[in-house]
K.L.:
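Shown below is the structure under consideration.
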There are 2 protein chains.
Amino acid sequence: MRREFKKKSKVLLIDDNYEHLVGIRELLNLEGTFDVVGIATNVSVGLNLIKKYQPDIVLLDMNMPDKDGLQGIIEISKLDLGTKVLALSGYDDADLIFRAMKIGAKGYVLKTMASAQLIYAIEEVLNGKIYLPLALSSRFFEYFQQSFREENAKQETEEENLLSYLTQREEEVLELLTQGITYKGVASKLFISETTVKTHVNNIFQKLQVNDRTQAVLYAINNGFLSKKIKLSA
Amino acid sequence: MRREFKKKSKVLLIDDNYEHLVGIRELLNLEGTFDVVGIATNVSVGLNLIKKYQPDIVLLDMNMPDKDGLQGIIEISKLDLGTKVLALSGYDDADLIFRAMKIGAKGYVLKTMASAQLIYAIEEVLNGKIYLPLALSSRFFEYFQQSFREENAKQETEEENLLSYLTQREEEVLELLTQGITYKGVASKLFISETTVKTHVNNIFQKLQVNDRTQAVLYAINNGFLSKKIKLSA
DNA sequence: AAAGATATAGACCACATGGTCTACAAAATA
DNA sequence: TATTTTGTAGACCATGTGGTCTATATCTTT
């Protein structure tokens, strides 16, 4: 794509392994389309270099001693310079990949991967895309689905325990309670008397085995009472 | 991998477009390693066929009129037969991809993709992997990161608005309130008089601009009062 | 030293909330 | 048809909750 006419992209490297650091710099220099504007063996120094040189992309090692890589991503994004972060790691740890992507890494590449793949990843990220190699995205999704499975399993068991005993009307009342509405308010919203509301509320307490509205609301929230509706959209 | 000695994998197709349905069946039959045990043009019929033939994998169209694809995935997994679901769709809608993967689809393939890619996706899923083409995983991650960015932005602004005005002691009191503890209980936990608790609570109400404990608790929960601690781990 | 913020706490009052008991009509179920 | 469940509602009472005002001791900040 006529890259010869384009300005070289500024790259910054952060890795506590100096050998590796120099190796990548050589690789990128040989490639010719990148300008390695700085290298650092820890996050603190790296942050200063980023402020100074404003690179387009930072290759950030995830497995470093003191300030770890995740914290690094957060601090880089806090600088608010639009710097893209490509995470580098020696391990395909699902949790680490998940958390890195969650806090905004534009990609995640293993150090063991072929250099061509690294170059490709950098280019994709520079073009505004998010790049996660198939092997890693696969890991990511296993972890991702696992976390939801657990969440659902938990909710389903507890849901069947207590919330499912509520009648429709009681659910309506509880829903209004979870909005912080007073008995009088509930009564007028449902066109019933305040006494009736109290009766329902008392029955709800019995069924949920709680003593007051606050506990009932907390129970409802913690056991997916509301999330039924929001669940799929978020 | 010596597939000629292996039993053919049982595949079931669900798509409201009959032409497409037959097309895929032909494709898979030609391939020779698959056994298309059934086809259906809607989810209800599909579910019955799944119960009867117990396929290894179901190719499920996401864009169907009545019961939509997402609901289909949920119901298939409820059968608890270990059936894998590969989602098919005409559009690379980020929200749909996200939701499908969230509820447990093992993959998502566009109808416009080359048939070789479909075959590959099926094989990967049959081998227990999750397969999302690069183009779609890219879409997924944009959406994924976007949702967290919004969540963080929302929390940070509102947090600074009201919750940050609370003093330390007030935060302690509020935290106990979010556990559904009564004033008397809070008093004894903090070794102060009930009156003092009331004073704190009243100040909290003022600062959070709410009228009662339930609303205060709801405000606290919705504005990341508790999530500060759990944030990065989940 | 003075001013402000914070944590403490009492008094008084109005009203909301929760507990218990009874009662009745409609609907669902046995 | 008889029984149970559900939704409705009244009465009565105890206690929890919230509003307002005042007051004091610390601790910070100016």
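Numbered from 1 within each chain, the chains take letters A, B, ... in sequence-line order.
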K.L.:
Nearest to the side chain of A:Ser193, which nucleotide is it out of D:dG10, C:dA9, C:dA7?
P.N.:
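Ranking D:dG10, C:dA9, C:dA7 by closest atom to the A:Ser193 side chain puts D:dG10 first.
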K.L.:
When you check the phosphate oxygens OP1 and OP2 of D:dA9, does a side-chain N or O of A:Thr196 lie under 4.0 Å from one of them?
P.N.:
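For D:dA9, OP1 or OP2 has a side-chain N or O of A:Thr196 closer than 4.0 Å.
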K.L.:
For a quick check of understanding: with a heavy-atom distance under 4.0 Å over all strands, which category does A:Thr182 fall into, base, sugar-phosphate or nothing?
P.N.:
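Since only primed, P, OP1 and OP2 atoms lie under 4.0 Å of A:Thr182, the category is sugar-phosphate.
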K.L.:
Rounding to a whole Å, what distance do you find between A:Tyr165:OH and D:dT5:P?
P.N.:
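Rounded to the whole Å, the gap is 14 Å.
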K.L.:
Name the residue closer to the 5' end of DNA chain C, choosing between A:Thr214 and B:Glu194 according to the nucleotide with the nearest heavy atom.
P.N.:
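First, find each residue's nearest nucleotide; the 5'-ward one identifies B:Glu194.
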K.L.:
Quickly work out the A:Gln206 CD to C:dT20 C1' distance and round it to whole Å.
P.N.:
10 Å
K.L.:
For the pair made of CD1 in A:Ile181 and P in C:dA16, what is the distance, rounded to whole Å?
P.N.:
15 Å
K.L.:
Would you confirm whether the ring centroid of A:Phe141 sits within less than 6.0 angstrom of the ring centroid of A:Phe98?
P.N.:
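Here the rings of A:Phe141 and A:Phe98 have centres that are no less than 6.0 Å from each other.
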K.L.:
Looking at D:dG10, C:dT8, D:dG7, which one has an atom nearest to any side-chain atom of B:Ile192?
P.N.:
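The closest nucleotide is C:dT8.
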K.L.:
Return the value, rounded to whole Å, for the distance between atom CD of A:Glu170 and atom P of D:dT6.
P.N.:
7 Å
K.L.:
For the pair B:Thr83 and B:Leu12, evaluate side-chain contact (heavy atoms from CB on, under 4.5 Å) and give the outcome as yes or no after the intermediate values.
P.N.:
CA-CA 10 Å; B:Thr83 319; B:Leu12 195 138; over 6 Å; no
K.L.:
Let me spell it out: for each of A:Lys184 and B:Arg169, pick the nucleotide of DNA chain C with the closest heavy atom. Which residue's pick is nearer the 5' end?
P.N.:
B:Arg169
K.L.:
A:Leu190 has an atom CG; how far is it from atom P of D:dT8, in whole Å?
P.N.:
8 Å
K.L.:
Identify the two heavy atoms, one from A:Leu86 and one from A:Tyr108, that lie closest to each other, and give their separation to 0.1 Å.
P.N.:
CD1-N, 3.7 Å
K.L.:
Phosphate oxygens OP1/OP2 of C:dA5: is one of them under 4.0 Å from a side-chain N or O of B:Thr167?
P.N.:
no
K.L.:
Test A:Asp61 against A:Asp16 for side-chain contact (heavy atoms from CB on, under 4.5 Å), laying out the working first.
P.N.:
CA-CA 8 Å; A:Asp61 184 25; A:Asp16 64 330; 3.2 Å; yes
K.L.:
To the nearest Å, how far apart are B:Arg213 CZ and D:dG19 C1'?
P.N.:
16 Å
K.L.:
Provide, to the nearest angstrom, the distance between the CG atom belonging to B:Asn211 and the P atom belonging to D:dG19.
P.N.:
7 Å
K.L.:
Under 4.0 Å, heavy atoms only, any strand: does B:Lys198 hit a base, just the sugar-phosphate, or nothing?
P.N.:
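Base contact - B:Lys198 has a heavy atom under 4.0 Å of at least one base atom.
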K.L.:
Return the value, rounded to whole Å, for the distance between atom CG of B:Asn202 and atom P of C:dA7.
P.N.:
15 Å
K.L.:
Check this one for me: any side-chain N or O of B:Thr195 less than 4.0 Å away from OP1 or OP2 of C:dA9?
P.N.:
no
K.L.:
Please assess A:Asp92 against A:Arg139 for the test salt bridge (Lys or Arg N to Asp or Glu O under 4.0 Å), listing each intermediate value before the final yes or no.
P.N.:
CA-CA 8 Å; A:Asp92 60 343; A:Arg139 267 272 192 300; 2.9 Å; yes
